[in-house]
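Structure first, then comments.
Everything quoted here is computed from the prediction, not taken from an experiment.
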Amino acid sequence: MALPSGAGVATERRAWCYPPVLYIQIWSQSSIFTSFVLCSLFVLFVVAGVLAVLPERLLRQCASWRSEILAGVWACSGLLALAGAAGRLEGGVSWFPVFGMDGPALPMLVLLAFTGGLMGVGPRGLACALTGLAFLALSPLVFGLLAGTALVLLADRGQQGVCLPFAVLPACIPADSPLSPPSLCLMVLLLGWAVSSQKGPEAVLPAGIGLFLLGRLLAEAGVLPPVQQALLIVSGGAVALWGAVQAVRSPKAASILSGVATAGYGGMVVMLTLALAVSVKGGDLFRTATLLATGTPFLALLAALWLSRQDGGLFAPQSAVAQARGGRSALGVSLALLSAVPPMGGFAVFWCLLGAGEGAAANTHPAQALCLLLVLTGAACVMALGMIGLLRVGLMAFVQTQEEPRALSPVLLLPAWICAGCAVVVTVLPGGWLALVDHLFAGDTPHAFAWGMLGSVGFAGSDISLTPLFSALALGVCVAGAGLLGRAFGVFPLRPAVSGAAEWREGAPVVAYDGEPPALPAAAAGVPVIWVAFGMLLGVGGQKPSEWPVVEKTGAGARYLQAVLFRTVAWCEAQGMVLILLFLGAGLLLGLFAAR
C-alpha cells in the first residue's frame, strides 16, 4: 500500500511499497499509536545495540544484569511489533522521515525479537539491533547500509567480511534493470554461505535479511521471465542442497543445525519464487508454505541452535545440556517440532508444498509441470537429508548417559523453552499465525483473520484443509487402537520379555566373586547401554534380527507366496494352448461388439 506522502520522503518510499490491493490502512499517518510504536521500536533497537557493545566498566553495578536487561528490551520490542502486526499498522510520521513501517516490517520484527533475545552481547547483538533498524528503513540505501554492516559483524572469516556486503546490492538496483536477476542470485548464494558458517542462533539472521529483501523485490517486480525464475530456483536449490549435505556430513551439532538452517533458507527462496513470480495456479499455497516455514520451524530451530552452543556443544563428552534432563527434554521437543512427523511444523510446510505442486502441475503445460515435479522431488530429497541430520543430533545427545544427571541452571534453559513453547502454540494455532504474518510476503489472496480458523490451515477456493490438533488426536487413536488389538489377540511384532530365573544354589550362601566381571555376550559388545536396555524391554535381548517373530512370520509368508506363484506359473505353462485360444476368443468378441 502506498504510504502517505511526507516532506521529502515520497521518492525514497516508492521502492518499498506493496500493491494497494493487499492491505487495509487502519491507522493514519498522524496517529498517536503509530508514532508511539515507531519511536519506541527505534529507541529500543538503539538501546539494545548500545548495551550489546558497551564496556562493563561503564555499566558498573548493572554489568551483571546486562543479559537480563537485553532480554527485556528485546521482549518489549517483540510485543510492540506483535501489537502492530495484529492491527495491520503501517505508515510513518513526517517529522521522522528516514524510518517507518510498511509491508513486512512488523511481522519480521516479531521473529527478530526472538533472535535478538538469544544472541546476547558483543558484535552479534549489535548486528541484530542494526538488522531491526534496517527493517524499519524506508530508503533502500539506508537498508543496504544497515544490513550490510550487520552482515559484516556476523562474518567469521576475512573473506566473508569482504564478500557479504555485496549481498545487499539488489536493494539499490531497480527491479527492471538487467542486473537485478544476477544480483538476486548472488545475494541468495552469499547469504546461504553466511548461514552455513554460523554456530548458534545468529545463523537465522542472514536468512531473515535475505527473505525480507527478496520478498520486497519480487513483490515490486511482479511476474519474472522464465529464465530469471529458473536462475532463482537453481540458486535456492543449490543452497538447500549445500545445507543438507552439511547436515549429513558435519561432525558437530552446531554445524549440523546450521546446515539444516541453510537448507531451510534455500527451500524458502524456491517457494517464495514460485509464490510471487510464477503465474500458475497454486501460488497461494506456495506462499502459505513459506509463511508456515517462518513459524514453528523457525522458532524450534532457534531453540535447538541455542542448546547446541551451550557448554562446548551437544557432542562434547561432558556436555551439560546433553546430560541434564531439562536440556534433553527441550532438545527433544525442538527436534520433534522441526521434523516431518505429522502434525509438526516441518510436515505442515511439506504438506502445503505438495498441495501447491499438485495444483500447479495440473493446470499448466507439460514442460512446466515436469519442471515443478522435479522441484518437488528435490525438495523431498533435501527434507530427507535434513531429517537425517536431526536424527544425528538427537541420537548423539540422547545416547550419552551418566549415572546421575547433572544439575543445570533453569536460566540457561529458559530461552530454549520459551522458543519451543511459542513453537508449540504456533503448531496448534496455524491459522492465527497466518493471519498475523499474512502481509509478510505479497500475494493476491490475503488470509482473512477469523476466530473459527485459528486451529487450521485453509485456502481460498479450495476445500482442503489441515488441522494439526485433529491430526495429533487421530494418530493417538490409531496407536491406542493398535495396542488394544495386539493385547486382545495376542499379536505383537516382538516376543514379550521373559525374566530370567535366579540360579539354584541348593541353600548355599551367596559368595562374593573377587575375580573379573563376566564378559558381556558378543551381541551386546560395542552396543550402547541404552539400546541394550531398550532391547531387553522389548524382549529381544541377545537375539539376532533373524530370530525376531516379525522377521520369521514375514519370511514364512514370503515363502508361501513364492510357492503359490511357482504353482501358478507351472499350471499356465501346462495349459498354454488353452489359454491362448480363450484370449483369442475374448478378443474377437470384444472387437465384434466394441468396434465402431
*Quick one: pull up OG1 in Thr273 and CD in Gln228 and give me the separation to the nearest 0.5 Å.*
11.0 Å
*asked:* For the CG atom of Leu133 and the SG atom of Cys128, what is their distance to the nearest 0.5 Å?
replied: 10.5 Å
*Gap separating the CG atom of Leu205 from the CG atom of Leu111, nearest 0.5 angstrom*: 11.5 Å
*Got a second to check how far Thr131's OG1 is from Leu136's CG, nearest 0.5 Å?*
11.5 Å
_Minimum side-chain heavy-atom gap Leu151-Pro206 below 4.5 Å_ = yes
*asked:* For Phe350, give me all partners under ring pair (Phe, Tyr, Trp, His ring centres under 6.0 Å), at least two apart in sequence or on another chain.
replied: none
*For Phe45, ring pair (Phe, Tyr, Trp, His ring centres under 6.0 Å) partners two or more places apart*: Trp74
*asked:* List the residues meeting side chain to side chain contact (heavy atoms under 4.5 Å, CB included) with Ala379, not counting sequence neighbours, and say none if there are none.
replied: Leu353
*Sequence neighbours left out, what passes ring pair (Phe, Tyr, Trp, His ring centres under 6.0 Å) with Phe135? Give chain and number order.*
Phe212
*With rounding to the nearest 0.5 Å, note down the distance linking CZ in Phe114 to SG in Cys422.*
4.0 Å
*Provide the full list of side-chain hydrogen bond (donor to acceptor under 3.5 Å, both in side chains) pairs with a residue in residues 292-305, sequence neighbours left out, each pair given once.*
Thr296-Thr427
*asked:* Quick check for you: to the nearest 0.5 Å, what is the distance between Met387 atom CE and Leu338 atom CG?
replied: 7.0 Å
*Would you find a donor on one side and an acceptor on the other, under 3.5 Å apart, between the side chain of Arg392 and the backbone of Ser250?*
yes
Taking only distance into account, with no hydrogens and no angle test, what donor-acceptor pairs under 3.5 Å do side-chain atoms of residues 254-270 form with protein atoms, sequence neighbours excluded?
from   : atom 1 : to     : atom 2 : distance (Å)
Ser258 : OG     : Gln198 : O      : 2.4
Ser258 : OG     : Ala254 : O      : 2.9
Thr262 : OG1    : Ser196 : N      : 3.2
Thr262 : OG1    : Ser258 : O      : 2.8

